Amino acid sequence: MSDKKTYKASEKSSAAQKKRKKKNNPKKTLAICLAAICAVGVLFFVIDKAISGMYNVGENIPEDLRTDNKIDQDVVNILVCGIDWDDSRTAKMTDVIVYATLDLKAKEVSLLQIPRDTYVGEPSRSGKINGVYGGGSEDNQIMNVVKTLNERFGLAVDHYVTLDMQSFTILIDHLENGLNMYVPCPIILKDGNGSEQVLYSEAGWYQVDGATAEVILRNRNYPEADVQRLEVQSAFYASIIKHFKETGVVVTAQLVPTFAKFITTDMHWTRMVALATEVLNMDFNNMQIIKPSVHGYVMDGQAIVAVEEEEWLRILNENFRPYQDPITEIKTDELGEITQDYGATQTTTQTIGSILAGAR
């Protein structure tokens with residue numbers, strides 16, 4: 001009997017010790033968790049400061065120019081501009097203007113290529129849309145373009161990205177073996193003296209370095225000038241998206257430090273990563289590039305293209321204003337004296353999938 005009682009007492013004592021230990025564990029666990037959270041927070045702060053310092057952070061777009069907050073979880077609209085600047089110009093100009101609608105709900109992307117010579121009138125010193133950036137307020141010049149797209153074309157802009165054209169050279173030179181690019185037509189260069197150089201005699205896939213890619217993107221020596229230039233740029237977009245989709249977000253992110261200094265955006269880097277991940281996970285056939293119909297003229301001594309209003313309204317309402325009421329007019333200033341009429345081009349709509357399929 002004595003031994004049995006002793007055993008039970010010992011058992012109770014051991015149980016009591018375990019109970020006391022269990023009471024102490026939550027406090028230790030909480031302390032460890034708080035320490036870990038603090039450490040992660042400090043680490044994220046350091047990383048955030050480092051990455052945010054790599055690129056130029058621009059001011060946010062005013063709310064009245066952005067997508068309605070009722071649908072801003074479903075669709076994001078981004079303005080991307082390639083900025084051209086050299087000593088021969090008195091102001092910076094947008095050599096590349098692309099308006100991107102990311103329909104996150106439908107898992108689709110639409111890119112609108114806006115010709116640099118598109119006539120808008122007063123917002124630009126030259127009347128062309130590529131001069132809007134350098135006109136008006138100099139505090140944040142991309143906002144001049146944002147406001148013009150919103151007021152004249154009814155397009156909301158949630159974010160913007162501007163890239164110095166030199167960044168294309170830097171980016172491609174840091175790709176292993178350069179970029180495998182599809183060139184959709186012969187490329188013939190012409191210098192200031194009128195001398196010509198055949199860069200590519202036929203369409204096809206070519207391994208290009210940064211300098212060559214920049215020359216291809218800038219070249220305007222085509223029978224249809226800017227119209228064919230946009231076709232070549234479409235092929236470039238398809239080739240670069242194909243490359244990054246195949247290599248993945250992690251490899252793509254590793255390139256950021258090499259060219260980030262040429263970028264200005266209002267987006268936080270985590271937002272950029274999230275949107276890039278969304279896009280790279282989409283199907284090529286759900287990514288379309290639209291080159292809208294324009295009418296070419298020589299007006300007041302310079303070449304311009306005017307929007308074909310009915311066609312632009314159709315394109316904008318069907319592809320770039322999802323979940324919104326349609327717009328009924330596009331606002332551009334009256335044309336000046338026309339001395340030459342080149343006629344209208346046709347709207348071209350291609351998916352990344354169709355461009356790449358046609359390139360095989």
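Keep in mind that this is a model prediction, so the values were computed, not measured.
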field: Point-to-point distance, once rounded to the nearest 0.5 Å, from CD of Glu308 to OG of Ser293
entry: 4.5 Å
message: Go through it in stages, so that I can follow the logic: the residues are Phe320 and Val75, the test is side-chain contact (heavy atoms from CB on, under 4.5 Å), and I'd like the CA-CA distance, side-chain angles, deciding distance and then a yes or no.
response: CA-CA 10 Å; Phe320 299 96; Val75 60; over 6 Å; no
message: Main chain of Asp283, side chain of Lys107: is a donor-acceptor contact present, judged purely on distance under 3.5 Å?
response: no
Side-chain donor/acceptor of Asp158 to backbone N/O of Thr67, under 3.5 Å: yes
- request: Return the minimal non-hydrogen interatomic distance between Asp209 and Ile172, and the atom names on each side.
  value: C-CG2, 3.7 Å
- prompt: Which heavy-atom pair separates Gln113 from Gln233 by the least distance, and what is that distance?
  reply: NE2-CB, 3.9 Å
- prompt: Taking C-beta and beyond as the side chain, do Ser234 and Lys291 meet within less than 4.5 Å on heavy atoms?
  reply: no
query: Taking Asp333 for the side chain and Glu122 for the main chain, is one N or O donor matched with an acceptor at less than 3.5 Å?
result: yes
message: Checking the side chain of Gln302 only, and the main-chain atoms of Ser126 only, is there a donor and an acceptor separated by less than 3.5 Å?
response: yes
- prompt: Judged by atom type as modelled, is there a donor-acceptor pair below 3.5 Å linking the side chain of Asn193 to the main-chain atoms of Ser195?
  reply: no
- prompt: Short question: side chain of Asn144, backbone of Tyr133 - any donor-acceptor pair under 3.5 Å?
  reply: yes
query: Would you say Ser354's side chain and Gln350's backbone share a donor-acceptor pair under 3.5 angstrom?
result: no
- prompt: Between Val305 and Gly296, what is the shortest heavy-atom contact and its length?
  reply: CG1-CA, 4.2 Å
field: For Phe236 against Met181, the heavy-atom pair lying closest together
entry: CB-CE, 3.7 Å
query: What distance do Ile352 atom CD1 and Met282 atom CE have between them, rounded to the nearest 0.5 Å?
result: 12.5 Å
Side-chain heavy atoms of Thr94 within contact of Ile114, under 4.5 Å: no
Atom pair CD1 (Ile188) and OH (Tyr200), whose distance is rounded to the nearest 0.5 Å: 13.5 Å
query: For Ile241 and Phe284, what are the C-alpha separation, side-chain angles and deciding distance, and is it a side-chain contact (heavy atoms from CB on, under 4.5 Å)?
result: CA-CA 9 Å; Ile241 290 172; Phe284 282 146; 3.9 Å; yes
- prompt: Between Glu318 and Arg314, is the closest basic N to carboxylate O distance under 4.0 Å?
  reply: yes
- prompt: With the 4.5 Å side-chain cut-off for hydrophobic clustering, are Met287 and Leu230 part of the same group?
  reply: no
query: Do you reckon Leu280 sits in the same ILVMFWY cluster as Val273, going by side-chain contacts under 4.5 Å, direct or chained?
result: yes
- prompt: What's the spacing between Leu163 CG and Leu171 CG if we round to 0.5 Å?
  reply: 9.0 Å
field: Reported CG-to-CD distance for the pair Leu316 and Gln324, which is rounded to 0.5 angstrom
entry: 11.0 Å
task: Please answer whether the main-chain N or O of Val294 pairs with a side-chain N or O of Thr345 as donor and acceptor at a distance below 3.5 Å.
output: yes
task: Measure across Cys185 and Tyr222 and return the closest heavy-atom pair with its distance rounded to 0.1 Å.
output: SG-CE2, 4.0 Å
message: Closer than 3.5 angstrom, by distance alone: can the side chain of Asn77 be matched with the main-chain N or O of Tyr99 as a donor-acceptor pair?
response: no
- request: Indicate yes or no for a side-chain donor-acceptor contact from Arg271 to the backbone of Leu275 under 3.5 Å, with no hydrogens or angles considered.
  value: no
message: What I want to find out is whether Asp95 reaches Arg220 closely enough, with some N-O distance under 4.0 Å, to be called a salt bridge.
response: no
